[in-house]
Each structure stands twice: as C-alpha cells, then as structure tokens.
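Read the numbers this way: they start at 1 and go in the same order the structure lists the ligands and their atoms.
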Amino acid sequence: MATDPLRVAIVGSGPAGFYAAQHLLKAGAQVDMFERLPTPWGLVRLGVAPDHPNIKAVSRVFEKVAEQPGFRFFGNVEIGTHLSAGDLRAHYHAVVWAVGAPADRRMGIPGEDLPGSVSATAFVAWYNGHPDYADLAIDLDVERIVVVGNGNVALDCARMLGLTRAELERTDTADAAIEAIVSSRVREIVVLGRRGPLEAAYTSPELAELGEMAGADVVVDAAEAAVAVPDDATHMQRRSVEIVKEYATRAPSGPPRTVRLRFLASPLELRGDGRVQEIVVGLNRLEPGADGSMRAVATGETEVIECGLVLRSVGYRGTPLEGVPFDPERAIIPNDGGRVAPGEYCSGWIKRGPSGVIGTNKKDANESAQQLLEDAAAKLLPEPADASPATIAGLVAERQPHAVEYDGWLRIDGHERDRGQPHERPRIKLCTWDELMALGRAPVS
Ligand SMILES: Cc1cc2nc3c(=O)[nH]c(=O)nc-3n(C[C@H](O)[C@H](O)[C@H](O)COP(=O)(O)OP(=O)(O)OC[C@H]3O[C@@H](n4cnc5c(N)ncnc54)[C@H](O)[C@@H]3O)c2cc1C
Ligand SMILES: NC(=O)c1ccc[n+]([C@@H]2O[C@H](COP(=O)([O-])OP(=O)(O)OC[C@H]3O[C@@H](n4cnc5c(N)ncnc54)[C@H](OP(=O)(O)O)[C@@H]3O)[C@@H](O)[C@H]2O)c1
C-alpha cells in the first residue's frame, strides 16, 4: 500500500486536533486540518475565559505545529456540509475526528426554553466573539442572574459577570459583551450547586480567583459551608472546602456586585410570564450512591429565587456527524483508545466526553495518533481512491470556494493584534462572519 507519505485528515482545530497533528507530523505524516470556522484553536480562542490570557497563550504551541512543512489548514470548511466523511475516506489514508462537544447538556426541567434561559455554551461563545453568536440577544438588564452548575465553566460565567470595565478592557472579550456586562444593572450572581462544597466539579485555584475580584464580593451562607472533610478527601477537595469556609466568614466590602455560592440546591423549574422571572429550587441532602460517591437527594423543601436570567452551565455535549458512528448515551464517537476502525480515529472531547483541561488532550491525542501510526505500520489502513494533495485542494475549491487557508488566518490574527495594541489589549477580535471572511479571503498583498 502506498502510504508514503502517510496522508491524514484531522477534523477540528482545537487542542485535540493540534496535539494529534504534532504527533503525526513528527512521525513524518502529512496533515490537512479542516475547521468549520475561519479561525483555528477551538475553545482556546472561543471558550477559555478572556481574563486568562496565559492559558490562551497555548496557541503559540499550535502555531509552531501549523508552521511545519506537511501541514495545511482549510478553515471555513465544515465536514458534513462542504465535504462528507466519505470524501475524506476517499482521499486520505486516515481521518482523525477532533470536533469537540459543541452543544450543551439539558437540565430537563419545565421552563428550560423560556427566553432568559441561556446555555453557558452560548454565553461563553458570545463573550469570546464566536461569529455564530454575534447576534445573540442576551439581556443583562436584570438584577439577579442564576448560574446553574458547579464546574469551572459556571465559575468562568460568574467571574466574567463580576469583572469591572478596567478588568475587562485589558482582555480580548468581545466589545459588545464588555459594554453589556459593564452597563448591566445586575447586583447578584447566584451559582447553584446541586451537591456540596466537597463534591463541586470546579478546581480550587479557580474558586480562589473568584474571591479576588475588584468589583464583586463572594458570599457563602455559613450553614452551607459547614461541611466535614473526610480523611480520604483529595488535596483539591480540602482546599476547596477551606476556601468556601473562608468566604463564609467575609463581611460585605461594598462593591457593586455579589457572587453568592449556593450548595445542595437543584433547579426544578423556570417560571415567568413570557420570560424567566424566577427559578424554583429544590433543596437536597447527600447520600452515598451505589458507587460510593455522594449523590444529591431531594429533601422535598423548595425555594423560589427571583431572577431575570438563568445561565445553564451543566456541561457540554457532543453531536453526531453524518456517516460517523455515534454513541447517543455518552455523546461520543465509540472508540477503543482512540481507534474507531482501521483508518478512523478520534481525539479530545468527542473521544472521551466534555471534561479535562487543555493539557489532558495532549496525552489523549498522542494515544489516538499512536494507534493510527501502528495501524499504518501494520498495513491495516484502507487504500484511498486518490490521496494526492492537489486532488483534495481542487475538491475543497469546488465545494467551498470561500475556504480560509492558514495565511488567511494570519491576516485575521495580525489585524486583531494591531487593533488591540494601542489599547494595551492582546487583540480586538473580529466577531462577525463578514469581518472575518473579508480578511480571511483577502488577496495576499
Ligand atoms: C468555557 C470553557 C472554558 C475552558 N477553560 C479552560 C481553561 O481555562 N484551561 C484549560 O486548560 N481548559 C479549559 N477548558 C477545556 C478545554 O478548552 C478543552 O479541554 C479543549 O478545548 C477540548 O479540545 P477539543 O479539541 O476536543 O475541542 P474544541 O476545542 O472544542 O475544538 C473542536 C474544533 O472542531 C471544530 N469542528 C466541530 N465540528 C466540525 C466539523 N463538522 N467540521 C470541521 N470542524 C469542526 C470546532 O469548530 C472546533 O474548532 C475550557 C472549556 C470550556 C468549555
Ligand atoms: N480554568 C479551567 O481550568 C477551566 C475552565 C473552564 C472549563 N474547564 C474544564 O472544562 C470541562 C467542562 O467544564 P464544565 O463546567 O462545563 O463541566 P463539569 O466540570 O462537568 O461541571 C458540570 C457541573 O454541572 C452540574 N450538573 C450537571 N447536570 C446538572 C443538573 N441537571 N442540575 C444541576 N447541576 C447539574 C454538575 O454537578 P454534579 O457534579 O453533581 O454532576 C457539575 O457541577 C471541565 O473538565 C473543566 O474543568 C477548565
């Protein structure tokens, strides 16, 4: 079989796609990366909170990968729309699916779809300048916002809502979001955890950061913070409980906003006349489940919290791709250590589900890429009809005449950085498809 050079299509340009590309290029493979947006880096650009520029800087590692010979980037090319899974199989020795988990998990309660109930997936994309969310109408002209969920994304949402203009204007937050957050009349942001401080999914440095905001106090009810820490608690759990207990001792210091952490409280219903006006919350106690972990059990007591906006931050969810196997239960591509079938692999959130930090995807992607290389060495890869780079470039040009190649992204990147520079911001993002495409497709001068 003529797998020299080995030609691989990677679908998705987030961490899982780029770490897989890094591993494969190092082994001498050629990589074409397909991305549905005109911009690369996945959630590093469009998920990671803008006030965490050091984390976003991981894109420098990916830039080095993209500069290597043997790598091509086809942005604004969606697999399933412009090219099919079958097209990729016909033109590559192997395909790596690294499409992430773009949708949101549902709470499954009445009123979930009322106006004023917004997924964190959408809110985060909006403040990060995702072009699909530029027109999202998020009404922040409310006094109280409830964030449901106790993961790091919930903390990101609460913190972003508590930042001051001075704090936001040092970041690459979308300009429209900065204005909306700063001019909002929100006084209180309630973060709702269905279990206790010991069971929360967030990590302790992110919890500690919440207590350092200039424009918002953090408040916890002493009774909800009074949890016993078992001997076998992890360091992270001990630290998180310690922080929550310290928050419970804080006296109000008078900033305009308050972030209130609530525990043992599940969302039961969103109610309102035409839009969210209140959330009905069921109070819980904890009981050990069959697997030993603590689970929330309803006490039967309920409470009503008035609010104008509910942000549902209960996790992301993978979505199926036409012609690619999908496990609807776990919302992942079924795989064995990243191998879907010989010649077909997956990596990142679509492989293992929507959890783990950026670095988690490196080990995960290396495992998948290694399986691919081993299958190639064992001559297990199916023979593509035509693996020539020119054929695929021709096919892309035919199916998506507006593809954005890597030099197009570099023009967008340079322009955004130039706009940010006089304002001491890392960049001022282009947030609409029109703006991005105007530069991404501009002729090279
Ligand atoms: C809000 C948020 C904040 C986070 N903050 C941090 C943090 O501060 N630190 C940290 O370490 N981790 C953070 N994470 C976790 C980290 O972002 C993920 O672990 C990581 O991005 C997952 O990588 P991925 O490549 O699997 O998915 P993604 O990053 O989502 O990349 C998938 C890419 O595939 C593209 N795609 C999807 N479908 C198609 C298709 N059909 N055709 C072509 N392209 C397609 C998408 O447009 C996207 O660019 C955060 C996650 C979220 C949600
Ligand atoms: N700074 C960072 O490092 C950073 C920032 C953002 C994201 N990330 C990572 O990205 C990944 C995704 O984060 P995430 O916050 O979206 O997911 P997550 O960590 O899985 O947290 C989801 C939260 O939603 C809760 N939940 C789920 N269903 C619920 C329901 N029906 N009602 C009430 N609560 C419900 C969960 O509670 P239970 O535990 O009770 O199920 C959990 O607290 C995580 O691995 C995270 O660490 C990292």
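- Against a heavy-atom cut-off of under 4.0 Å, Val77 is close to the following atoms of ligand 1: 43 (C).
- Heavy atoms of Ala200 found under 4.0 angstrom from ligand 2: none, in either backbone or side chain.
- By the criterion of a heavy-atom distance under 4.0 Å, the backbone of Pro354, and not its side chain, is placed next to ligand 2.
- When distances from atom 20 (O) of ligand 2 to the protein are checked, no heavy atom turns up under 4.0 Å.
- Between Arg260 and Asp221 there is no salt bridge, since none of the side-chain N atoms of the basic residue sits less than 4.0 Å from a carboxylate O of the acidic one.
- Among all non-hydrogen protein atoms, the one lying nearest atom 28 (P) of ligand 1 is Leu43 N, 3.9 Å.
- The only member of Val11, Val340, Ile332 that meets side chain to side chain contact (heavy atoms under 4.5 Å, CB included) when paired with Cys346 is Val340.
- Of the charged side-chain nitrogens involved, none lies within less than 4.0 Å of a carboxylate oxygen, so that Arg7 and Asp386 do not count as a salt-bridged pair.
- Of all the heavy atoms of Val357, the ones lying under 4.0 Å from any atom of ligand 2 belong exclusively to the side chain.
- More than 12 non-hydrogen atoms from other residues, nucleotides or ligands lie less than 6.0 angstrom from CD of Glu303.
- Residue-ligand proximity, Asp156 to ligand 1, at heavy-atom distances under 4.0 Å covers atoms 3 (C).
- With a heavy-atom cut-off of 4.0 Å, Asp156 touches ligand 2 through its side chain alone.
- The ring pair (Phe, Tyr, Trp, His ring centres under 6.0 Å) check on Tyr247 picks up nothing, with sequence neighbours excluded.
- For the side chain to side chain contact (heavy atoms under 4.5 Å, CB included) test with Ser184, the passing option among Asp139, Leu140, Leu161 is Leu140; the others fail.
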